[in-house]
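No hydrogens, no waters, no symmetry mates; every other heavy atom, side chains included, goes into these values. The sequence lines fix the lettering, A, B, ..., with proteins before strands; numbering per chain opens at 1.
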Number of protein chains: 2
Amino acid sequence: MSADLTRNQALVMKTLSGAGAPLSAYTILDRLRDDGLRAPLQVYRALDKLTEMGLVHRLESLNAFVACAHPNCHEQELIAFAICENCGKVEEFSDQVVKDRLDGWARNHRFKAAKTTIEIRGDCGRCEVKS
Amino acid sequence: MSADLTRNQALVMKTLSGAGAPLSAYTILDRLRDDGLRAPLQVYRALDKLTEMGLVHRLESLNAFVACAHPNCHEQELIAFAICENCGKVEEFSDQVVKDRLDGWARNHRFKAAKTTIEIRGDCGRCEVKS
DNA sequence: GAACAAATGTTATGACATTACATATCCTTG
DNA sequence: CAAGGATATGTAATGTCATAACATTTGTTC
Ligand SMILES: [Zn+2]
Ligand SMILES: [Zn+2]
Ligand SMILES: [Zn+2]
Ligand SMILES: [Zn+2]
(Lines give C-alpha, C1' and ligand atoms only; values in the text may rest on other atoms or scores of the structure.)
(Ligands and ions follow the chains in the order given, each with its own letter.)
Protein backbone atom coordinates (compact mmCIF):
# COMPACT_ATOMS: atom_id res chain seq x y z
CA MET A 1 0.00 0.00 0.00
CA SER A 2 1.68 3.23 1.08
CA ALA A 3 4.89 3.31 -0.90
CA ASP A 4 8.22 3.67 0.78
CA LEU A 5 9.11 7.13 1.89
CA THR A 6 11.85 9.09 0.25
CA ARG A 7 14.76 10.35 2.28
CA ASN A 8 13.28 13.76 3.04
CA GLN A 9 9.86 12.35 3.71
CA ALA A 10 11.32 9.81 6.13
CA LEU A 11 13.30 12.50 7.95
CA VAL A 12 10.26 14.72 8.36
CA MET A 13 8.08 11.79 9.40
CA LYS A 14 10.57 10.69 12.01
CA THR A 15 10.82 14.18 13.45
CA LEU A 16 7.07 14.56 13.70
CA SER A 17 6.53 11.11 15.15
CA GLY A 18 9.14 11.69 17.79
CA ALA A 19 7.75 15.04 18.81
CA GLY A 20 4.45 13.80 20.23
CA ALA A 21 2.99 17.21 19.53
CA PRO A 22 2.45 19.50 16.56
CA LEU A 23 5.46 21.17 15.01
CA SER A 24 5.69 24.04 12.55
CA ALA A 25 7.44 23.44 9.26
CA TYR A 26 10.25 25.72 10.33
CA THR A 27 10.72 23.89 13.61
CA ILE A 28 10.99 20.66 11.68
CA LEU A 29 13.52 22.30 9.41
CA ASP A 30 15.60 23.44 12.37
CA ARG A 31 15.68 19.90 13.73
CA LEU A 32 16.85 18.54 10.39
CA ARG A 33 19.68 20.96 9.66
CA ASP A 34 22.20 18.38 10.74
CA ASP A 35 20.68 15.92 8.30
CA GLY A 36 21.35 18.26 5.43
CA LEU A 37 18.03 20.03 5.03
CA ARG A 38 18.43 23.72 4.34
CA ALA A 39 15.30 25.20 2.80
CA PRO A 40 11.65 25.41 3.89
CA LEU A 41 10.50 23.93 0.61
CA GLN A 42 12.23 20.68 1.34
CA VAL A 43 10.09 20.34 4.42
CA TYR A 44 6.88 21.60 2.86
CA ARG A 45 7.21 19.21 -0.05
CA ALA A 46 7.66 16.27 2.27
CA LEU A 47 4.74 17.42 4.41
CA ASP A 48 2.50 17.66 1.34
CA LYS A 49 3.22 14.07 0.38
CA LEU A 50 2.90 12.77 3.91
CA THR A 51 -0.42 14.54 4.26
CA GLU A 52 -1.65 13.01 1.01
CA MET A 53 -0.67 9.60 2.33
CA GLY A 54 -2.60 10.22 5.54
CA LEU A 55 0.46 9.97 7.75
CA VAL A 56 0.41 13.60 8.79
CA HIS A 57 -2.33 16.13 9.49
CA ARG A 58 -2.19 19.87 9.17
CA LEU A 59 -3.76 21.78 12.05
CA GLU A 60 -5.25 24.89 10.54
CA SER A 61 -5.71 26.79 13.76
CA LEU A 62 -2.05 26.29 14.63
CA ASN A 63 -0.38 26.50 11.24
CA ALA A 64 1.42 23.36 12.28
CA PHE A 65 1.63 19.67 11.51
CA VAL A 66 1.19 16.54 13.59
CA ALA A 67 1.85 12.85 12.99
CA CYS A 68 -1.36 10.89 12.56
CA ALA A 69 -2.22 9.00 15.72
CA HIS A 70 -3.88 6.13 13.88
CA PRO A 71 -2.15 5.74 10.53
CA ASN A 72 -4.13 3.88 7.93
CA CYS A 73 -7.14 3.68 10.21
CA HIS A 74 -9.35 6.50 9.15
CA GLU A 75 -8.56 7.07 5.54
CA GLN A 76 -11.95 8.38 4.62
CA GLU A 77 -13.27 9.62 7.92
CA LEU A 78 -13.95 13.09 9.09
CA ILE A 79 -11.38 13.67 11.78
CA ALA A 80 -11.69 16.07 14.69
CA PHE A 81 -8.76 17.31 16.74
CA ALA A 82 -8.69 18.31 20.39
CA ILE A 83 -5.64 20.45 20.97
CA CYS A 84 -4.38 21.25 24.46
CA GLU A 85 -3.17 24.84 24.63
CA ASN A 86 -1.22 24.03 27.74
CA CYS A 87 0.81 20.90 26.96
CA GLY A 88 0.37 20.85 23.19
CA LYS A 89 -1.00 17.33 23.07
CA VAL A 90 -3.43 16.53 20.29
CA GLU A 91 -6.13 13.89 20.35
CA GLU A 92 -7.81 12.69 17.17
CA PHE A 93 -11.32 11.35 17.05
CA SER A 94 -14.11 10.64 14.61
CA ASP A 95 -17.81 10.96 15.23
CA GLN A 96 -20.20 9.51 12.71
CA VAL A 97 -23.10 11.62 13.96
CA VAL A 98 -21.15 14.81 13.49
CA LYS A 99 -20.15 13.67 10.03
CA ASP A 100 -23.75 12.83 9.15
CA ARG A 101 -25.02 16.19 10.35
CA LEU A 102 -22.44 18.15 8.39
CA ASP A 103 -22.99 15.98 5.32
CA GLY A 104 -26.71 16.61 5.69
CA TRP A 105 -26.26 20.34 5.84
CA ALA A 106 -24.07 20.24 2.75
CA ARG A 107 -26.58 18.13 0.85
CA ASN A 108 -29.44 20.45 1.77
CA HIS A 109 -27.49 23.46 0.60
CA ARG A 110 -26.04 21.87 -2.49
CA PHE A 111 -22.60 22.47 -1.07
CA LYS A 112 -19.95 20.09 -2.32
CA ALA A 113 -17.52 19.62 0.55
CA ALA A 114 -13.90 19.02 -0.34
CA LYS A 115 -12.27 19.21 3.07
CA THR A 116 -13.64 19.73 6.54
CA THR A 117 -11.72 21.03 9.52
CA ILE A 118 -12.79 20.46 13.12
CA GLU A 119 -10.41 21.66 15.79
CA ILE A 120 -11.17 22.13 19.47
CA ARG A 121 -8.73 24.26 21.41
CA GLY A 122 -8.69 24.06 25.17
CA ASP A 123 -7.09 22.27 28.10
CA CYS A 124 -6.78 18.54 28.36
CA GLY A 125 -7.58 16.62 31.52
CA ARG A 126 -3.98 15.80 32.30
CA CYS A 127 -3.22 19.50 32.43
CA GLU A 128 -5.40 20.67 35.27
CA VAL A 129 -2.96 23.47 35.79
CA LYS A 130 -2.08 24.44 39.32
CA SER A 131 -3.83 27.79 39.15
CA MET B 1 -25.28 46.68 24.38
CA SER B 2 -22.34 46.58 21.99
CA ALA B 3 -20.65 49.88 22.58
CA ASP B 4 -19.98 52.28 19.76
CA LEU B 5 -17.06 51.43 17.59
CA THR B 6 -13.93 53.51 17.55
CA ARG B 7 -12.79 55.11 14.34
CA ASN B 8 -10.48 52.30 13.29
CA GLN B 9 -12.93 49.62 14.32
CA ALA B 10 -15.67 51.28 12.28
CA LEU B 11 -13.45 51.56 9.23
CA VAL B 12 -12.47 47.90 9.38
CA MET B 13 -16.06 46.81 10.03
CA LYS B 14 -17.34 48.80 7.08
CA THR B 15 -14.72 47.32 4.79
CA LEU B 16 -15.51 43.76 5.85
CA SER B 17 -19.28 44.25 5.68
CA GLY B 18 -19.04 45.69 2.21
CA ALA B 19 -16.84 42.91 0.92
CA GLY B 20 -19.35 40.08 1.17
CA ALA B 21 -16.49 37.65 1.42
CA PRO B 22 -13.49 37.04 3.68
CA LEU B 23 -10.59 39.45 3.50
CA SER B 24 -7.07 39.17 4.84
CA ALA B 25 -5.87 41.78 7.30
CA TYR B 26 -3.48 43.13 4.69
CA THR B 27 -6.21 43.44 2.08
CA ILE B 28 -8.27 45.42 4.57
CA LEU B 29 -5.26 47.60 5.24
CA ASP B 30 -4.79 48.28 1.53
CA ARG B 31 -8.41 49.37 1.23
CA LEU B 32 -8.04 51.76 4.12
CA ARG B 33 -4.84 53.52 3.12
CA ASP B 34 -6.84 56.52 1.92
CA ASP B 35 -8.48 56.71 5.32
CA GLY B 36 -5.14 57.11 7.00
CA LEU B 37 -4.35 53.59 8.09
CA ARG B 38 -0.73 52.69 7.58
CA ALA B 39 0.31 49.72 9.69
CA PRO B 40 -0.94 46.12 9.98
CA LEU B 41 -1.29 46.49 13.70
CA GLN B 42 -3.99 49.11 13.33
CA VAL B 43 -6.07 46.56 11.46
CA TYR B 44 -5.23 43.60 13.69
CA ARG B 45 -6.15 45.56 16.80
CA ALA B 46 -9.52 46.51 15.35
CA LEU B 47 -10.12 42.93 14.22
CA ASP B 48 -9.37 41.64 17.71
CA LYS B 49 -11.99 43.88 19.26
CA LEU B 50 -14.57 43.21 16.57
CA THR B 51 -14.04 39.49 17.00
CA GLU B 52 -14.50 39.80 20.77
CA MET B 53 -17.74 41.67 20.12
CA GLY B 54 -18.94 38.91 17.81
CA LEU B 55 -19.16 41.15 14.78
CA VAL B 56 -16.34 39.45 12.93
CA HIS B 57 -15.12 35.87 12.63
CA ARG B 58 -11.66 34.64 11.87
CA LEU B 59 -11.47 31.78 9.37
CA GLU B 60 -8.54 29.66 10.43
CA SER B 61 -8.22 27.71 7.23
CA LEU B 62 -7.99 30.93 5.24
CA ASN B 63 -6.06 33.20 7.58
CA ALA B 64 -8.74 35.72 6.83
CA PHE B 65 -11.68 37.50 8.43
CA VAL B 66 -15.34 37.81 7.58
CA ALA B 67 -18.20 39.97 8.85
CA CYS B 68 -20.65 37.97 10.92
CA ALA B 69 -23.74 37.13 8.93
CA HIS B 70 -26.04 37.21 11.94
CA PRO B 71 -24.66 39.76 14.39
CA ASN B 72 -25.90 39.40 17.93
CA CYS B 73 -27.77 36.25 17.04
CA HIS B 74 -25.48 33.45 18.05
CA GLU B 75 -23.40 34.82 20.84
CA GLN B 76 -22.84 31.52 22.55
CA GLU B 77 -23.35 29.07 19.76
CA LEU B 78 -20.89 26.84 18.07
CA ILE B 79 -20.67 28.21 14.55
CA ALA B 80 -19.70 26.27 11.46
CA PHE B 81 -18.57 27.87 8.23
CA ALA B 82 -19.04 26.62 4.69
CA ILE B 83 -16.51 28.35 2.49
CA CYS B 84 -16.77 28.27 -1.30
CA GLU B 85 -13.33 27.94 -2.83
CA ASN B 86 -14.67 29.20 -6.13
CA CYS B 87 -16.61 32.38 -5.36
CA GLY B 88 -15.34 32.99 -1.84
CA LYS B 89 -18.79 33.16 -0.29
CA VAL B 90 -19.12 31.99 3.30
CA GLU B 91 -22.21 30.60 4.94
CA GLU B 92 -22.55 30.38 8.70
CA PHE B 93 -24.66 27.83 10.45
CA SER B 94 -25.16 26.24 13.84
CA ASP B 95 -26.14 22.67 14.57
CA GLN B 96 -27.14 21.75 18.07
CA VAL B 97 -26.54 18.05 17.47
CA VAL B 98 -22.99 18.69 16.35
CA LYS B 99 -22.46 20.89 19.38
CA ASP B 100 -23.86 18.25 21.71
CA ARG B 101 -21.67 15.53 20.24
CA LEU B 102 -18.51 17.59 20.52
CA ASP B 103 -19.44 18.73 24.03
CA GLY B 104 -20.05 15.09 24.92
CA TRP B 105 -16.67 14.01 23.67
CA ALA B 106 -15.01 16.81 25.63
CA ARG B 107 -16.88 15.88 28.81
CA ASN B 108 -15.94 12.23 28.46
CA HIS B 109 -12.31 13.10 27.99
CA ARG B 110 -12.15 15.82 30.61
CA PHE B 111 -11.21 18.26 27.93
CA LYS B 112 -12.14 21.85 28.64
CA ALA B 113 -12.94 23.43 25.30
CA ALA B 114 -12.13 27.09 24.89
CA LYS B 115 -12.78 27.57 21.19
CA THR B 116 -13.99 25.25 18.47
CA THR B 117 -13.40 25.68 14.77
CA ILE B 118 -15.55 24.01 12.12
CA GLU B 119 -14.82 24.97 8.54
CA ILE B 120 -15.99 23.18 5.43
CA ARG B 121 -14.15 24.02 2.24
CA GLY B 122 -15.75 23.19 -1.08
CA ASP B 123 -17.98 24.55 -3.80
CA CYS B 124 -21.31 26.18 -3.19
CA GLY B 125 -24.39 25.40 -5.22
CA ARG B 126 -24.40 28.69 -7.05
CA CYS B 127 -20.95 27.92 -8.38
CA GLU B 128 -21.48 24.75 -10.36
CA VAL B 129 -18.48 25.70 -12.42
CA LYS B 130 -18.66 25.25 -16.16
CA SER B 131 -16.08 22.51 -16.29
C1' DG C 1 20.32 4.17 -22.92
C1' DA C 2 16.69 7.51 -24.29
C1' DA C 3 12.64 9.47 -22.53
C1' DC C 4 9.78 10.73 -19.03
C1' DA C 5 8.18 11.32 -14.23
C1' DA C 6 9.23 12.22 -9.55
C1' DA C 7 12.11 14.09 -6.11
C1' DT C 8 15.62 17.33 -4.71
C1' DG C 9 18.50 21.64 -4.11
C1' DT C 10 18.71 26.68 -3.89
C1' DT C 11 17.51 31.51 -4.00
C1' DA C 12 14.39 34.83 -3.66
C1' DT C 13 10.05 36.59 -2.52
C1' DG C 14 5.37 36.88 -0.83
C1' DA C 15 1.85 36.62 2.90
C1' DC C 16 0.44 36.72 7.66
C1' DA C 17 1.17 38.37 12.50
C1' DT C 18 3.41 40.34 16.75
C1' DT C 19 6.84 42.98 19.84
C1' DA C 20 8.20 47.17 21.65
C1' DC C 21 7.75 51.71 22.56
C1' DA C 22 5.84 56.40 22.23
C1' DT C 23 1.63 59.29 22.21
C1' DA C 24 -3.05 60.58 22.45
C1' DT C 25 -7.81 60.31 24.04
C1' DC C 26 -11.35 59.38 27.15
C1' DC C 27 -13.30 58.79 31.67
C1' DT C 28 -13.41 58.79 36.50
C1' DT C 29 -13.02 60.85 40.96
C1' DG C 30 -11.26 63.76 44.68
C1' DC D 1 -10.36 71.31 37.23
C1' DA D 2 -6.20 68.29 37.99
C1' DA D 3 -4.50 63.85 38.54
C1' DG D 4 -4.50 59.20 37.45
C1' DG D 5 -5.82 55.13 35.03
C1' DA D 6 -7.66 52.65 31.20
C1' DT D 7 -8.19 52.37 26.38
C1' DA D 8 -7.03 53.47 21.76
C1' DT D 9 -3.53 54.99 18.36
C1' DG D 10 0.73 55.65 15.61
C1' DT D 11 5.05 53.79 13.94
C1' DA D 12 9.05 50.97 13.04
C1' DA D 13 11.08 46.80 13.25
C1' DT D 14 10.90 42.06 13.39
C1' DG D 15 9.18 37.41 13.53
C1' DT D 16 6.66 33.52 11.43
C1' DC D 17 4.50 30.83 7.74
C1' DA D 18 4.42 29.54 2.73
C1' DT D 19 5.31 29.53 -2.34
C1' DA D 20 7.38 30.83 -7.09
C1' DA D 21 10.85 29.94 -10.27
C1' DC D 22 14.50 27.50 -11.99
C1' DA D 23 18.28 24.10 -12.19
C1' DT D 24 19.68 19.43 -11.21
C1' DT D 25 19.40 14.66 -9.89
C1' DT D 26 17.30 10.20 -9.37
C1' DG D 27 14.29 6.48 -10.58
C1' DT D 28 11.33 3.93 -13.97
C1' DT D 29 9.80 2.33 -18.35
C1' DC D 30 10.31 0.89 -22.89
ZN1 LIG E 1 -4.99 10.70 11.89
ZN1 LIG F 1 -2.62 19.29 28.21
ZN1 LIG G 1 -21.56 34.99 12.92
ZN1 LIG H 1 -19.43 29.62 -4.77
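Distance CG (A/L62) to P (D/dC17): 9 Å, rounded to an integer number of Å. Atom-to-atom, CG of B/L41 to P of C/dT19 comes out at 9 Å; the value is rounded to the nearest Å. Taking atom CZ on B/R45 and atom P on D/dA12, their separation rounds to 13 Å, with Å as the unit. The interatomic distance linking A/K49 (NZ) with C/dA7 (P) rounds to 5 Å, in whole Å. The distance between atom CD of A/E52 and atom P of C/dA6, rounded to the nearest whole Å, is 11 Å. Atom CG in B/D30 sits about 10 Å away from atom P in C/dC16, given to the nearest Å. Atom OH of B/Y26 is separated from atom P of C/dA17 by 9 Å (rounded to the nearest Å). If you measure from atom CG of A/D4 to atom P of D/dT26, you get 18 Å, rounded to the nearest angstrom.
For B/N108, the CG atom counts as densely surrounded, since its 6.0 Å shell holds more than 12 non-hydrogen atoms of other residues, nucleotides or ligands.
Put simply, the side chain of B/I79 does not reach to within 4.5 Å of the side chain of B/I118, judged on heavy atoms.
Applying the 4.0 Å criterion to OP1 and OP2 of D/dT9, one finds that B/Q42 has every side-chain N and O outside that range. Checking the phosphate oxygens (OP1, OP2) of C/dC16, no side-chain nitrogen or oxygen of B/R58 falls inside 4.0 Å. For A/Y44 and D/dA18, the shortest distance from a side-chain N or O to OP1 or OP2 is below 4.0 Å. Of the side-chain N and O atoms in A/T6, one or more sit less than 4.0 angstrom from OP1 or OP2 of C/dT8. Using a 4.0 Å cut-off, some side-chain N or O of B/R38 falls inside it from OP1 or OP2 of D/dT11.
Looking at which nucleotide of DNA chain C each of A/Q9 and A/N63 is closest to, the 5′-most match is held by A/Q9.
Not a single donor-acceptor pair under 3.5 Å links the side chain of B/E119 to the backbone N or O of B/F81.
Using a 4.0 Å heavy-atom criterion, one finds that A/A25 contacts no nucleic acid atom at all.
For the pair A/K112 and B/D123, the salt-bridge criterion is not met [side-chain N within less than 4.0 Å of a carboxylate O].
Aromatic ring pairs are classed by plane angle as parallel below 30°, tilted from 30° to 60° and perpendicular above 60°; the pair A/Y44 and A/Y26 is perpendicular.
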